[in-house]
Peer 1: 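Please find one structure pasted underneath; my questions will follow.
Every value quoted in this text rests on a predicted model; they were computed, and no experiment measured them. We use all heavy atoms of the structure for the numbers below, so side chains are in, but hydrogens, waters and symmetry mates are not. For the single chain, residues carry numbers from 1 onward in sequence order.
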Amino acid sequence: MNIIKLNAIDSTNSYLKELTVENTVQNYTVVVAEQQTAGRGQMGTIWESEHGKNLTFSILTRVNNLKIVDQFYLSMAISLGVLQALKVVTQAKLSVKWPNDILAENDKLSGILIENVLSGNNIKHSFVGIGLNVNQQEFSKNLLNVTSLKNISGIHFDREELLLKIVNSIKFYISYLERNDFNELKKMYLAFLYKIETPAMFEDKEGVVFLGKILTVSEDGKLVIELENGTTRKFNLKEIKFASR
């Protein structure tokens with residue numbers, strides 16, 4: 001496993017992308033930074049992290065013959081890899097908030113951003129950016145419902161040891177993709193999906209709040225929700241969110 005350690009960088013995903021332009025980069029190369037000055041999350045959000053307290057890193061992944069239409073299975077594998085590695089070190093109830101945030105109870109512990117490079121109908125390789133709150137205990141007042149491993153356990157964690165656990169766990173779950181065992185991967189993902197089969201309040205892109213129940217995730221990664229009238233609707237990432245609590 002090739003690990004590149006940086007003190008500060010704008011974005012580990014961006015650094016890894018630049019590295020692949022002029023170099024042959026081996027699978028599962030990791031770029032980890034003590035601080036990201038422009039870390040990114042889903043939908044252009046900013047990932048904030050206190051210097052030297054957390055894990056902000058990116059992994060290059062290549063899966064042979066992974067089709068573009070199957071890209072959400074990669075998201076499932078990454079989510080499960082991070083979650084299962086954390087289950088080893090904390091007793092907190094962990095779940096995956098669709099599509100791939102990791103929650104401890106109801107608070108965000110980790111965020112994942114996957115950027116794919118395409119070749120024909122396949123995914124050539126992927127840049128997987130992961131932010132994990134490890135030893136940080138205080139967060140900006142602008143960040144609601146956020147926590148860290150230290151806050152939920154009271155333990156100070158060795159970040160390097162934790163990084164190796166997460167990368168090895170991700171490799172294990174990506175092996176399901178390499179075996180084309182998509183059904184088992186999805187079954188495990190749904191078992192940890194936040195609020196699945198539980199009535200909850202949602203807000204759509206027009207700002208309409210409604211009651212619904214998550215049934216599953218479609219093959220192309222859309223959230224399938226049963227409405228109060230018994231009908232079902234599919235939503236993309238930018239089309240729905242949990243109503244503010």
Peer 1: Strictly distance-based, threshold 3.5 Å: is any side-chain N or O of Asn236 a donor or acceptor partner for the main-chain N or O of Glu239?
Peer 2: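 Between the backbone of Glu239 and the side chain of Asn236 there is no qualifying donor-acceptor contact (under 3.5 Å).
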Peer 1: Just checking Tyr194 against Phe242, ring centres under 6.0 Å apart?
Peer 2: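 Tyr194 vs Phe242: aromatic centres under 6.0 Å.
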Peer 1: Counting only heavy atoms not in Gln91 (residues, nucleotides, ligands), do more than 12 fall under 6.0 Å from its CD?
Peer 2: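 At most 12 heavy atoms, drawn from other residues, nucleotides or ligands, come within 6.0 Å of this atom.
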Peer 1: Would you find a donor on one side and an acceptor on the other, under 3.5 Å apart, between the side chain of Thr90 and the backbone of Leu86?
Peer 2: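 No, the answer is negative, given that no donor and acceptor are paired below the 3.5 Å cut-off.
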Peer 1: Using the rule side chain to side chain contact (heavy atoms under 4.5 Å, CB included), only one of Ile170, Ile174, Ile114 pairs with Ile59; which is it?
Peer 2: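 So, applying the side chain to side chain contact (heavy atoms under 4.5 Å, CB included) to Ile59 and each of Ile170, Ile174, Ile114, only Ile170 qualifies.
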Peer 1: Please, which pairs that meet salt bridge (charged side-chain N to carboxylate O under 4.0 Å, His left out) have at least one residue in residues 126-150, sequence neighbours excluded?
Peer 2: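 Counting only pairs at least two positions apart or across chains, no salt bridge (charged side-chain N to carboxylate O under 4.0 Å, His left out) contact touches residues 126-150.
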Peer 1: So, do Ile196 and Thr198 sit near enough that their side-chain heavy atoms are less than 4.5 Å apart?
Peer 2: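 They are not in contact (no side-chain heavy atoms under 4.5 Å apart), so the answer is no.
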Peer 1: Not counting sequence neighbours, list each pair that qualifies as a ring-ring contact (aromatic ring centres under 6.0 Å, His included) and has a residue in residues 104-134.
Peer 2: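 Qualifying pairs: His125-Phe127.
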Peer 1: Establish whether Leu16 and Val117 are linked, either directly or via other cluster members, by ILVMFWY side-chain heavy-atom contacts under 4.5 Å.
Peer 2: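 Hydrophobic grouping puts Leu16 with Val117.
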Peer 1: To the nearest 0.5 Å, what is the distance between CG (Leu103) and OG (Ser110)?
Peer 2: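 The distance works out to 10.0 Å.
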Peer 1: Side-chain heavy atoms nearer than 4.5 Å, only ILVMFWY residues, links allowed to pass through others: does that put Leu237 and Met76 together?
Peer 2: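 In one cluster: yes.
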Peer 1: Among Thr12, Ile3, Asn2, which residue meets the side chain to side chain contact (heavy atoms under 4.5 Å, CB included) test with Val31?
Peer 2: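 Answer after filtering Thr12, Ile3, Asn2: Thr12.
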Peer 1: Shared ILVMFWY cluster between Leu211 and Phe202, side chains joined below 4.5 angstrom?
Peer 2: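 Looking at the clustering, Phe202 is in a separate group from Leu211.
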Peer 1: Say whether Asn13 and Glu115, considering side chains only, have a donor N or O and an acceptor N or O under 3.5 Å apart.
Peer 2: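 Indeed, the side chains of Asn13 and Glu115 share at least one donor-acceptor pair under 3.5 Å.
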Peer 1: Counting neighbours of CD on Gln137 that are heavy atoms of other residues, nucleotides or ligands and sit closer than 6.0 Å, is the number greater than 12?
Peer 2: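 Atom CD in Gln137 is crowded, with more than 12 foreign heavy atoms closer than 6.0 Å.
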Peer 1: To the nearest 0.5 Å, what is the distance between NZ on Lys97 and CG on Asp107?
Peer 2: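 With rounding to 0.5 Å, NZ (Lys97) is 10.0 Å from CG (Asp107).
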Peer 1: Please determine, by modelled atom types, if Gln71 and Asn116 share a side-chain donor-acceptor pair under 3.5 angstrom.
Peer 2: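 There is such a pair (donor and acceptor under 3.5 Å, judged by atom type) between the side chains of Gln71 and Asn116.
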Peer 1: Return the minimal non-hydrogen interatomic distance between Ser75 and Ser79, and the atom names on each side.
Peer 2: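 Residues Ser75 and Ser79, closest heavy atoms: O-OG, 2.8 Å.
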Peer 1: Going by the rule side chain to side chain contact (heavy atoms under 4.5 Å, CB included), which residues pair with Asn23 if we only count those two or more places apart in sequence or in a different chain?
Peer 2: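 With sequence neighbours excluded, Asn23 shows a side chain to side chain contact (heavy atoms under 4.5 Å, CB included) to Leu19, Val25, given in chain and number order.
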Peer 1: Hey, mind stepping through Glu226 and Lys213 against salt bridge (charged side-chain N to carboxylate O under 4.0 Å, His left out) and telling me if it holds?
Peer 2: CA-CA 5 Å; Glu226 181 181 58; Lys213 182 171 65 175; 3.5 Å; yes
Peer 1: Looking at Gln36 and Thr56, what are the two nearest heavy atoms and their distance?
Peer 2: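 Shortest heavy-atom contact: NE2-CB, 3.6 Å.
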Peer 1: May I ask you to check whether over 12 heavy atoms, not counting those of Lys241, lie within 6.0 Å of atom NZ?
Peer 2: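 It does not: Lys241 NZ has 12 such atoms or fewer within range.
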Peer 1: Sequence neighbours excluded, which residues qualify as side chain to side chain contact (heavy atoms under 4.5 Å, CB included) partners of Ser119?
Peer 2: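 Listed in chain order: Lys124.
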Peer 1: Determine the interplanar angle of the Phe72 and Tyr189 rings, folded into 0 to 90°, and report it as parallel if under 30°, tilted if 30 to 60°, perpendicular if over 60°.
Peer 2: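 Judged by the thresholds at 30° and 60°, the geometry between Phe72 and Tyr189 is perpendicular.
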Peer 1: Quick one: are Phe210 and Asp204 in side-chain contact, heavy atoms under 4.5 Å?
Peer 2: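 Yes, their side chains come closer than 4.5 Å.
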Peer 1: Using modelled atom types only, decide if a donor and an acceptor are shared between the side chain of Thr29 and the backbone of Leu60 within a distance under 3.5 Å.
Peer 2: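 Pair absent, no side-chain N/O of Thr29 close to backbone of Leu60.
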Peer 1: Counting only heavy atoms from other residues, nucleotides and ligands, does the tally under 6.0 Å from CD of Glu184 exceed 12?
Peer 2: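 Yes, the 6.0 Å shell around CD holds more than 12 heavy atoms from other groups.
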Peer 1: Between atom CD1 of Ile78 and atom OH of Tyr173, what is the distance when rounded to the nearest 0.5 Å?
Peer 2: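 Atom-to-atom, Ile78:CD1 and Tyr173:OH are 12.0 Å apart.
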Peer 1: Once side chain to side chain contact (heavy atoms under 4.5 Å, CB included) is applied, do any residues pair with Asn168, and if so which ones, sequence neighbours excluded?
Peer 2: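 Asn168: side chain to side chain contact (heavy atoms under 4.5 Å, CB included) contacts with Met1, Lys171.
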Peer 1: Which one of Arg159, Lys53, Lys5 satisfies the salt bridge (charged side-chain N to carboxylate O under 4.0 Å, His left out) criterion with Glu34?
Peer 2: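 Going through Arg159, Lys53, Lys5 one by one, the salt bridge (charged side-chain N to carboxylate O under 4.0 Å, His left out) with Glu34 is satisfied by Arg159 alone.
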Peer 1: Can you sort out the partners of Asn122 under side chain to side chain contact (heavy atoms under 4.5 Å, CB included), two or more places apart, ordered by chain and number?
Peer 2: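 So Asn122 forms a side chain to side chain contact (heavy atoms under 4.5 Å, CB included) with Asn65, Lys67.
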Peer 1: Could you check whether the rings of Tyr176 and Phe172 sit parallel, tilted or perpendicular, using 30° and 60° as the cut-offs?
Peer 2: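 If you compare the ring of Tyr176 with that of Phe172, the planes turn out perpendicular.
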Peer 1: Do any N or O atoms from the side chain of Lys186 and from the backbone of Val217 form a donor-acceptor pair under 3.5 angstrom?
Peer 2: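 Present.
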Peer 1: Is the closest side-chain heavy-atom distance between Ile112 and Asp101 below 4.5 Å?
Peer 2: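 No, side chains not in contact.
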Peer 1: With Leu177 as reference, evaluate Thr61, Asp70, Leu74, Asn64 under the side chain to side chain contact (heavy atoms under 4.5 Å, CB included) test and give the passing residue.
Peer 2: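 The residue from Thr61, Asp70, Leu74, Asn64 that satisfies side chain to side chain contact (heavy atoms under 4.5 Å, CB included) with Leu177 turns out to be Leu74.
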